[in-house]
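The structure displayed is predicted, hence computed values, not measured ones. Computation of the quantities below employed the complete heavy-atom set of this structure, encompassing side-chain atoms and omitting hydrogens, waters and symmetry-equivalent molecules.
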Amino acid sequence: IYTANVVVDEEYCKAHSDARPGPFVCLRVADTGTGTYTVGIAPTVAEPLVLHLRANDEPLRNTFTINVLPGPAVAITSDATFPATSVAGASVSFTLAARDAYNNTVSTNDDVFALNACPIEGGACVTDINQGPGEVKGSYLAEFTATQAGAYRIEVLLGGELVSGHAYSLLVTPAAISPVTTTEAGTGLADGIAGRANTFEIYARDAYDNSVPNRASDLEVTITPQFEGPAARGAIEHSGDTDGTYTVSYVVFAGGMYDIDITLATGENITSVPYEAFVTHGDVDGSKCVQSGMNTQGATDITAGANQTV
């Protein structure tokens, strides 16, 4: 028995009306003397296979069609497709393609995949996967939920083996700032000095207690006097790292009691009750002082031992 991979071209098809172009497996069988021939073939492409038999290079009258089915799914040729990023608490949807050892898509939806999605910097791995059939046989739609922000290493397993032979990557970003988990602290929440920058910190967290950096525009701080006077806005700056710390500074020019409200840009309150800050008067500025009474521009006669007022 002799086998070979061959490609049938258009010229061959013109000379052989029963042929069609494309890749084929060629088998040549020699008689062993008994008149009986046993031919074994191992096709690797899952599609209908037509056997064209020839004897002494003459085509036999009959052809045979074999419907080649895909084999069972294996991990190394199967694949998964993930998004590059997701948001903490949101569903991560991805697709799975089950293929046999020869890269044919399997014809069933009976395969069960497993998942290990682990934060690279440490934390609990996610193993719960919701898997359902896709639009075609051998494809699946799957999802899981990650609540910890950060980079993930994802292993998809089939039969205990890594799908595609490697792990996948996913970056989970923090969710929106939550008023429930966000906190604040600092002297500027209770005391201040008129004319100076008074400061405090906001520690922004999402609903899953992830630090939320680079969202200064999502925060608003209002400083309102408890007496007649203009309100002020706090200037909010992110610390520049990933811990979600924001520094708030505000300047008011009159002493007295002030209410400090911290809200999200959506109007949702972070502080259920405003902070009360007592702002004291600033240092004396001689250039702004005015004197009156006795003549302070030149000499003045006064009586020894008598009280004088200015």
Side-chain angles (χ1 to χ4, degrees), residues 88 149 173-310:
T173 58
I177 296 175
S178 168
V180 176
T181 53
T182 295
T183 58
E184 55 281 327
T187 57
L189 289 169
D191 303 291
I193 299 175
R196 294 187 181 180
N198 307 292
T199 62
F200 61 91
E201 283 72 45
I202 298 176
Y203 307 103
R205 302 289 187 272
D206 67 9
Y208 308 98
D209 208 32
N210 297 299
S211 296
V212 185
N214 304 314
R215 303 270 184 89
S217 60
D218 292 349
L219 297 165
E220 292 184 356
V221 176
T222 305
I223 300 91
T224 306
Q226 293 183 1
F227 51 90
E228 185 175 351
R233 284 295 183 100
I236 305 172
E237 293 185 359
H238 182 240
S239 61
D241 53 27
T242 58
D243 71 352
T245 299
Y246 298 81
T247 299
V248 180
S249 63
Y250 65 92
V251 179
V252 292
F253 297 97
M257 293 298 298
Y258 286 80
D259 290 333
I260 300 178
D261 288 287
I262 305 171
T263 63
L264 295 175
T266 58
E268 190 174 5
N269 287 324
I270 292 179
T271 51
S272 56
V273 178
Y275 284 91
E276 289 188 323
F278 179 67
V279 176
T280 60
H281 295 289
D283 298 332
V284 174
D285 184 346
S287 67
K288 294 180 173 59
C289 294
V290 178
Q291 64 273 5
S292 63
M294 60 181 291
N295 183 4
T296 58
Q297 303 301 319
T300 299
D301 294 330
I302 61 175
T303 303
N307 292 328
Q308 309 295 319
T309 60
V310 177

Taking side chain as C-beta onward, heavy atoms only, is Val248 less than 4.5 Å from Thr199? no

Qualifying ring pair (Phe, Tyr, Trp, His ring centres under 6.0 Å) pairs with a residue from residues 247-271, counting only residues at least two apart or across chains: Phe227-Tyr258

Show me the side-chain donor-acceptor pairs of residues 259-278 shorter than 3.5 Å, one per line, residues at least two apart or across chains.
unit_1, atom_1, unit_2, atom_2, d
Asp259, OD1, Gln226, NE2, 2.8
Thr271, OG1, Ile262, N, 3.3
Tyr275, OH, Glu184, OE2, 2.8
Glu276, OE2, Gln226, NE2, 2.9

Looking at CG of Leu219 and CD of Glu237, how far apart are the two atoms once the value is rounded to the nearest 0.5 Å? 13.0 Å

Stepwise side-chain contact (heavy atoms from CB on, under 4.5 Å) check, Val221 with Ile202: CA-CA 10 Å; Val221 176; Ile202 298 176; 4.1 Å; yes

Inter-residue atom distance Thr280.OG1 - Asp191.CG, 0.5 Å rounding: 8.0 Å

Side-chain donor-acceptor distances from residues 210-217 under 3.5 Å, at least two apart:
unit_1, atom_1, unit_2, atom_2, d
Asn210, OD1, Ala149, N, 3.0
Asn210, ND2, Thr147, O, 2.8
Asn210, ND2, Asp206, OD1, 3.4
Asn210, ND2, Asp206, OD2, 3.0
Ser211, OG, Asp243, O, 3.1
Asn214, OD1, His238, ND1, 3.4
Arg215, NH1, Ala175, O, 3.4
Arg215, NH2, Pro174, O, 3.3

Taking all non-hydrogen atoms of both residues, which atom of Ala231 and which atom of Pro225 are closest, and how far apart? CA-CD, 4.0 Å

What's the shortest heavy-atom distance between His281 and Ile193, and which atoms? O-CG2, 4.1 Å

Heavy atoms only: give me the nearest Ala207-Ser178 pair and the separation to one decimal. N-CB, 3.6 Å

Keeping to residues at least two apart or across chains, list the ring pair (Phe, Tyr, Trp, His ring centres under 6.0 Å) pairs with something in residues 190-215. none

Heavy atoms, side chains only, cut-off 4.5 Å: are Val251 and Arg196 in contact? no

